[in-house]
Amino acid sequence: MRTAQAASKPDGARKKMSTVEELISRSNRLGADKRNTNFAGGNTSAKGIEKDPVTGQDVELLWVKGSGGDLGTLRAENLAVLRLDRLQALKSVYPGVEREDEMVAAFDYCLHGKGGAAPSIDTAMHGLVDAAHVDHLHPDSGIAIATAMDGEALTSKVFGDKVVWVPWRRPGFQLGLDIAAIKEANPQAIGTILGGHGITAWGATSEEAEANSLWIIDAAENYIKDNGKAEPFGAKLPGYGALPEAARKAKAAALAPVIRGLASTDKPQLGHFSDDAVVLEFLESTEHPRLGALGTSCPDHFLRTKVKPLVLDLPADASIEESIDRLKELHAAYREDYQAYYDRHADAESPALRGADPAIVLIPGVGMFSFGKDKQTARVAGEFYINAINVMRGAEAISTYAPIEESEKFRIEYWALEEAKLARMPKPKSHATRIALVTGAASGIGKAIATRLASDGACVVIADLNLENAQKVAEELGGSDVAIGVQADVTDESQIAAAIQEAVLAFGGLDLVVNNAGLSISKPLLETTEKDWDLQHNVMAKGSFLVSRAAAKVMIDQGLGGDIIYISSKNSVFAGPNNIAYSATKADQAHQVRLLAAELGEYGVRVNGINPDGVVRGSGIFAGGWGAKRAAVYGVDEQELGKYYAQRTLLKREVLPEHVANAASVLTSNELSHTTGLHIPVDAGVAAAFLR
């Protein structure tokens, strides 16, 4: 059995930790181990005495994890702080379980001090239980007991009288009263198993509460391991085993855009792919269709995974075409079934149906696609379904999996409090749910565009010849929930295919491509070699064509429209000296915009171009020798080249990479939803390059 770990401080320092410091330390340790609770799941609390700054008198307070947040990363500002006397006084005005939702608003009148997080629905569980420290957690092993058909008998068998069974009750004030009464009636008990839900444990000290939580989790885990049957999901289904990794990833990438399009029927979603061994094992077993249809049980699970997943009922070696056809049929049936679920349980007070598409799609031999409003939500939904599989395994190993009733799931999914929580969410940014791939994005204009799109809410794939630099930029933008770095030589068709595969597996698909990768060699006609000509055309003309062709396939498969942007140049329409190869290839790119706009419009894909000029500062091209050569052509010092370019413009302003990024943002936003085939100059006004 695990034991509670003391904070990593010397004994003397540890004794001086405040109540809040002890709570944060315990919470972080519990949340760091996913055996204890899922991401953002569960809550912890502590009670203690502080001086009231108004009266100077001692006041007993409750510090409890507020709404949202995660135990593993909990900080003091994520705690709700309430006066315990006022919270407990709510018992005298409690109107009963039929009106218990009103108590959540009453928590606001119990708050102490300034700031802090909003109290969560579980606040009563912590405040009403007569214990200084309380943990409410969602461990897979504990939920396995909680969702077993004979969970109450198992609780007694596994834990004796140290842990008490609590029949399913929706989180709220009444559940807090129930647990408080159980603790009072069972002084020997250290916690409870909450039917269909999770565990709650308590202690007189922070260390004792943590030790009791870990004891319950480990006791459940060990009981399942020692007494569970060998194949809880049944025998292996012939043909449903995992494909080899390369084949698995290739099939996932081929299916991902179609699945994302289906999952975005009601509203655009971002995706996450997982081929975790837990998922693959589940899908190759005979019982997976039955268990999948039963859905998840813990409220934290099904609020993110929906009432049940969509499961492809074909073997692993089914063709892409056959799989797509069947997925479309199953998706139509899923939507009908979800509408029927809503109609069965909704009443006049229920919130409107939020969408009938699946959040989890399971593909035998391949893995799991999960979806959400952003990458983190999609990823966490997948993690929660893995938790649910672990729960099913544990329950089936020692009993029969029996989640809470469908009607109870509906009560929580369409809870007025959940609806209010969703309504408080900030308005989505302009590019939320969009997935962008920017070539040459590790520096200069490409980096500026990637940075702007990420700040606009997009997920961004940083594609560059230099993988290390691409990954560095991705990390700067926020890591894998915001951006990934991939290596891509745009002249190499196989590298482009690999980059796009990484994009669709990371985020579910692709909505927006910026053809930015480029280079320039400034030479007069007679000094321009065939190699110079081929290099520039291969990178910019051919490279843009290859990237656009691969991206268009994904966009068409998704059926969600999309954007393709070409970073061309003023030189695509302006004839300047000593620039034959560069300007000719930019003209090629400019005409690709027109050609693709004409061809891809029927799929809702917009194709537009940007013509920058004089972008000296921050430009990789200028830093690579182009600046020195252009400065020589114009007879100015290289350090003054930006100012020289600015002075020859109508606006007399220097153009920076960020100005090009602004244009890319606007062109790909809904503000220009009816614009395609356009070239926008970003050159501060060069009359000779006006488009006619």
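- Between His288 and Phe282, the angle of the ring planes goes over 60°, which puts this pair in the perpendicular group of the 30/60° scheme.
- Under a 3.5 Å cut-off, the side chain of Asp347 and the backbone N or O of Ser350 do form a donor-acceptor pair.
- Arg170 has no carboxylate O lying under 4.0 Å from a charged side-chain N of Glu408, or vice versa, which leaves the two without a salt bridge.
- If you look at Phe159 and Tyr223, their ring centroids are not closer than 6.0 Å.
- Pairing each heavy atom of Ile179 with each of Val129, the nearest pair is CG2-CG2, 3.7 Å.
- At least one donor-acceptor pair under 3.5 Å links the side chain of Arg26 to the backbone N or O of Ser45.
- The shortest heavy-atom contact between Ala388 and Thr296 is CB-CG2, 3.2 Å.
- In this structure the side chain of Ile404 reaches within 4.5 angstrom of the side chain of Lys409, judged on heavy atoms.
- Heavy atoms only, all atoms of each residue included: Ser141 and Ile217 are closest at OG-O, 3.0 Å.
- Side-chain contact check for Arg393 and Asn390: at least one donor-acceptor pair (N or O, by modelled atom type) lies under 3.5 Å.
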Could you give me the CA-CA distance, side-chain angles and deciding distance for Lys47 and Val134, then say whether side chain to side chain contact (heavy atoms under 4.5 Å, CB included) is met?
-> CA-CA 9 Å; Lys47 302 178 181 76; Val134 178; 4.3 Å; yes
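- Residue Ser120 comes nearest to Gly66 through the heavy atom pair CB-C, 4.1 Å, listed as atom of the first residue, atom of the second, then distance.
- For the pair Arg344 and Phe410, the cation-pi test (distance below 6.0 Å, angle within 45°) is failed.
- The two residues Tyr385 and Pro309 have their closest heavy-atom pair at OH-CG, 3.4 Å.
- Leu417 is listed as a side-chain neighbour of Ile121, based on a closest heavy-atom distance under 4.5 Å.
- Distance check, rounded to the nearest 0.5 Å: CG of Leu62 to SG of Cys110 gives 10.0 Å.
- The shortest distance between side-chain heavy atoms of Val164 and Thr155 does not fall below 4.5 Å.
- For Glu413 and Tyr341, the side-chain atoms include at least one donor-acceptor pair closer than 3.5 Å.
- Under the 6.0 Å cut-off for aromatic ring centres, His197 and His136 qualify, their centroids lying closer than that.
- Gln174 and Asp178 are linked by a side-chain donor-acceptor pair at a separation below 3.5 angstrom, with hydrogens and angles left out of the test.
- Residues Thr192 and Trp165 form no side-chain contact, since every pair of their non-hydrogen atoms from C-beta on lies 4.5 Å or further apart.
- The shortest distance between side-chain heavy atoms of Leu137 and Ile216 does not fall below 4.5 Å.
- Between the side chains of Asn43 and His126, at least one donor N or O sits under 3.5 Å from an acceptor N or O.
- Note that CE of Met368 and CG of Asp276 are 7.0 Å apart. Values are rounded to the nearest 0.5 Å.
- Looking at Asn36, its side chain does come within 3.5 Å of a backbone N or O of Leu30 through a donor-acceptor pair.
- Among all heavy-atom pairs drawn from Glu100 and Phe173, the shortest one is OE1-N, 3.0 Å.
- Counting heavy atoms from C-beta on, the side chains of Leu194 and Trp168 never come closer than 4.5 Å.
- Side-chain contact check for Asp135 and Thr44: no donor-acceptor pair (N or O, by modelled atom type) lies under 3.5 Å.
- Counting only N and O atoms by type, the side chains of Thr147 and Ser297 include no donor and acceptor under 3.5 Å apart.
- Looking only at side-chain heavy atoms (C-beta outward), Ser156 and Glu152 stay at 4.5 Å or farther from each other.
- For Phe369, the ring-ring contact (aromatic ring centres under 6.0 Å, His included) test picks out Phe273, with sequence neighbours left out.
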